[in-house]
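Letters A, B, ... mirror the listed sequences (proteins, then strands); counts begin at 1. Predicted model, so just to flag it, every value in this text is computed and none were measured.
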Amino acid sequence: MLHLHNTLSRKKEAFKPLVPGKVSMYVCGITIYDLCHVGHARLLVAFDVLFRHLQASDYDVTYVRNITDIDDKIINRAAENGESINDLTERYIEAMHQDEASLLLLSPTHEPRATNTIERMHSLIKTLIDKGMAYPADNGDVYYAVSSFPEYGKLSGRKVEDLRAGERVAVDNSKRDPLDFVLWKASKADEPAWDSDWGPGRPGWHIECSAMAMELLGEEIDIHGGGADLQFPHHENEIAQTEAVTGKSFARYWMHNGLVQVDDEKMSKSLHNFFTVREVLKSYSGEELRFFLMSGHYRSPLNYSHSQLDNARASLRRLYTALRGVGADASRSVSSEHVERFQTAMDDDLNTPVALSVLFELATEVNREGGAESKRGLKLANTLLQLGARLGILQADADSVLQGSVDESGLDAAKIEALIQERVEARNNKDWARSDEIRDELTADGVILEDKDGKTSWRRG
RNA sequence: GGCUGAAUGGCAGAGUGGCUAUGCACCGGAUUGCAAAUCCGUUUACCUCGGUUCGACUCCGGGUUCAGCCUCCA
């Protein structure tokens, strides 16, 4: 039985979807004005893991992850670059899709863009005004009246009075209440604009997600996810908008992933301490980055460092070593004991560290069996492979991963094989000096040899 | 200041009211011509002060430190 931590209750709750067997899930995606960084990658991987686990648990999942493609930052960045907004967003959406592929993500069911859902936003705002919960201001903006929604603060555990007391929002004379937030923003002459009852403008960020979620998933959804930093005000505002319109509970389970930190500080654009995904991919594989992101629980903060990535590399190397020579074959049997333990860990609010520990134990047992040659060894290795698939890892050919690709200075496989052959002959003649000379040469080029049962295999270190 | 949450061995990171997490690193052994890989074994923990309990790292309370949010942010 799956249990998920619900931010609304701050507890793990048994997961019961609205419609048995089906799950609707909405995740706040990226505002696309730059390359994705490791913090974004964590969000993507965390909810990809959830998506996979729900599917493996036989749910019919509709997964929506939006793209915010209209926003002040996008407008500003396009202006800075001297390019059109469309060119900018298309470019970065393309880059994001490449990063997602590197991270071995499954495609969400829908990936809506804010600019394609303007009509729905417009009608939501209209309804809010009609209900007296929003108002157009004299500057052309439309604001949500926070005081009209008694439950405001229920997600983030804040009280409206406390928010007022700790007021840090710059005074804006157009707002009736400093806590009110913008639903529709009047556009200046040179800014992109859509027609509306309140003049040309563009939507506020919060209403975009309400609209896209409702458009594709309806008025009530099962799971709503996002980064922990979106809990307030973004998700609080989504609740206020959506529930004010529908009179129904918007999302049953609110899930938030912990943030990636650098030197114990949040990784973010504004702090300039971020590493982009493609920067990391220069030194590490997407699978290694993915493994690193799954090595801690999704709700905990995760400190980014190279030694952590090195650790992920070593861990994957160990798992892949146990999978050498094992091809995918879905018809083979699996060790149900291990599958159960894996499932139990994942059912416990996606406990990937424990799930991964099951994979390591499988690797140890495969090795103990002397590899995948024996019947039992093969079954265990196959289990490792299948469970790896559930986490989106270990699906590449083990030898290819371990032998890597040729870097500029390195030797290609043919050259390595030739040297190994020469060494085999030397060893047959007990010419240890020559044998070691060749091995040292290869070691210097980052190639590590392993002699086993009279055969020599190699990998890159 | 307010609201969340966290403090575990050299590093990372789970978990439990009494019993091995797991990975990396270290040390000893096996294996190997020597290595590597692999296996076996060992060492190193639960921020602090009180309380509850036969027994607490695990529950409760105080303290300290740290992070996130309170403004755009995954």
Side-chain angles (χ1 to χ4, degrees), chain A residues 7 10 27-31 33 36-47 65 68 71-73 76 153 155-159 161-170 179 181 205 225-234 236 256-261 264-271 274 291-292 295-297 299-303 305 307-308 310-319 321-322 324 345 348 351-361 363-371 402 427 430-433 435-436 439-440 443 448-452 456-459 461:
Chain A
T7 306
R10 297 187 197 277
V27 171
C28 290
I30 316 289
T31 300
Y33 65 99
C36 291
H37 59 61
V38 176
H40 299 123
R42 185 169 198 203
L43 167 90
L44 296 169
V45 169
F47 287 99
R65 189 184 62 223
T68 296
D71 168 270
D72 286 0
K73 290 198 170 175
N76 294 340
L155 178 70
S156 53
R158 282 155 221 255
K159 299 190 187 101
E161 311 88 76
D162 293 340
L163 286 165
R164 291 220 175 82
E167 195 56 63
R168 278 212 255 151
V169 184
L179 296 184
F181 57 90
W205 177 41
D229 52 352
L230 297 193
Q231 213 176 101
F232 188 90
H234 184 55
E236 197 71 62
H256 293 95
N257 65 277
L259 303 180
V260 176
Q261 309 184 336
D264 296 319
E265 193 171 43
K266 174 183 173 180
M267 177 184 290
S268 74
K269 294 265 165 73
S270 44
L271 291 169
F274 61 89
F291 188 97
F292 160 64
S295 64
H297 186 89
R299 278 190 287 113
S300 305
L302 187 63
N303 210 39
S305 73
S307 69
Q308 290 272 66
D310 288 340
N311 216 313
R313 169 169 291 173
S315 299
L316 274 171
R317 182 184 296 153
R318 175 168 174 80
L319 296 175
T321 298
R324 286 189 129 167
D348 182 18
N351 195 334
T352 50
V354 170
L356 287 170
S357 78
V358 175
L359 302 199
F360 284 111
E361 285 173 33
T364 298
E365 291 190 43
V366 170
N367 293 331
R368 206 180 279 156
E369 292 292 324
L402 294 169
R427 294 183 76 221
K430 297 207 190 312
D431 182 357
W432 308 126
S435 166
D436 290 350
R439 187 169 63 197
D440 290 346
T443 304
I448 292 166
L449 299 187
E450 292 168 14
D451 298 326
K452 197 187 156 203
T456 300
S457 55
W458 64 277
R459 63 180 171 87

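Among the nucleotides B:rA14, B:rC72, B:rA74, the one closest to the side chain of A:Ser300 is B:rA14. Nearest nucleotide to the A:Pro353 side chain, out of B:rC70, B:rA21, B:rG15: B:rA21. Closest to the A:Asn351 side chain, of the nucleotides B:rA14, B:rU4, B:rA21, is B:rA14. Comparing B:rC69, B:rG68, B:rU22 by their closest approach to the side chain of A:Phe360 singles out B:rU22. The side chain of A:Ser357 approaches B:rU22 more closely than any other nucleotide in the set B:rG23, B:rA74, B:rU22.
A:Val260 and A:Val38 get closest at one heavy-atom pair: CG2-O, 3.9 Å. Closest non-hydrogen pair, A:Met267 versus A:Gly39, comes out as SD-N, 3.7 Å.
Base contact: A:Asn311 has a heavy atom under 4.0 Å from a base atom. Nucleic acid contact class of A:Leu230 (heavy atoms, under 4.0 Å, all strands): sugar-phosphate only. Using a 4.0 Å heavy-atom cutoff across all strands shown, A:His256 reaches no nucleic acid atom at all.
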statement: Pairs under 3.5 Å (Watson-Crick or G-U), crossing ones as [ ], inter-strand ones as |: RNA chain B comes out as (((((((..(((.....[...)))..((((.......)))).....(((((..]....))))))))))))....

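At least one donor-acceptor pair closer than 3.5 Å links the side chain of A:Ser305 to the backbone N or O of A:Gln308. A:Asn76 places a side-chain N or O within 3.5 Å of a backbone atom of A:Asp72 that can act as its donor or acceptor partner. Under a 3.5 Å cut-off, the side chain of A:Ser315 and the backbone N or O of A:Asn311 do form a donor-acceptor pair. For the pair A:Glu236 (side chain) and A:Gly153 (backbone), a donor-acceptor distance under 3.5 Å is present.
With rounding to whole Å, A:His234 atom NE2 is found 19 Å from B:rU4 atom C1'. We find that CG of A:Asp229 is positioned 6 Å from P of B:rC69, with the value rounded to whole Å.
Using C1' as the reference atom, B:rC26 and B:rU32 are 22 Å apart when rounded to the nearest Å.
Comparing A:Gly296 and A:Lys269 along RNA chain B, the residue whose closest nucleotide (by nearest heavy atom) sits nearer the 5' end is A:Gly296. When each of A:Asp348 and A:Leu356 is assigned the nucleotide of RNA chain B bearing its nearest heavy atom, the one mapping closer to the 5' terminus is A:Asp348.
For A:Arg65 and A:Phe47, the positive end is not near the middle of the six-membered ring at less than 6.0 Å and at most 45° from its axis.
No side-chain donor-acceptor contact under 3.5 Å links A:Arg459 and A:Thr321.
Note on ring orientation: taking the six-membered ring where Trp is involved, the planes of A:Phe360 and A:Phe291 are perpendicular (angle over 60°, cut-offs 30° and 60°).
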- prompt: Base, backbone or nothing for each nucleotide of nucleotides 32-40 of chain B, written B, S, -, heavy atoms under 4.0 angstrom, 5' to 3'?
  reply: -BBBBSSSS

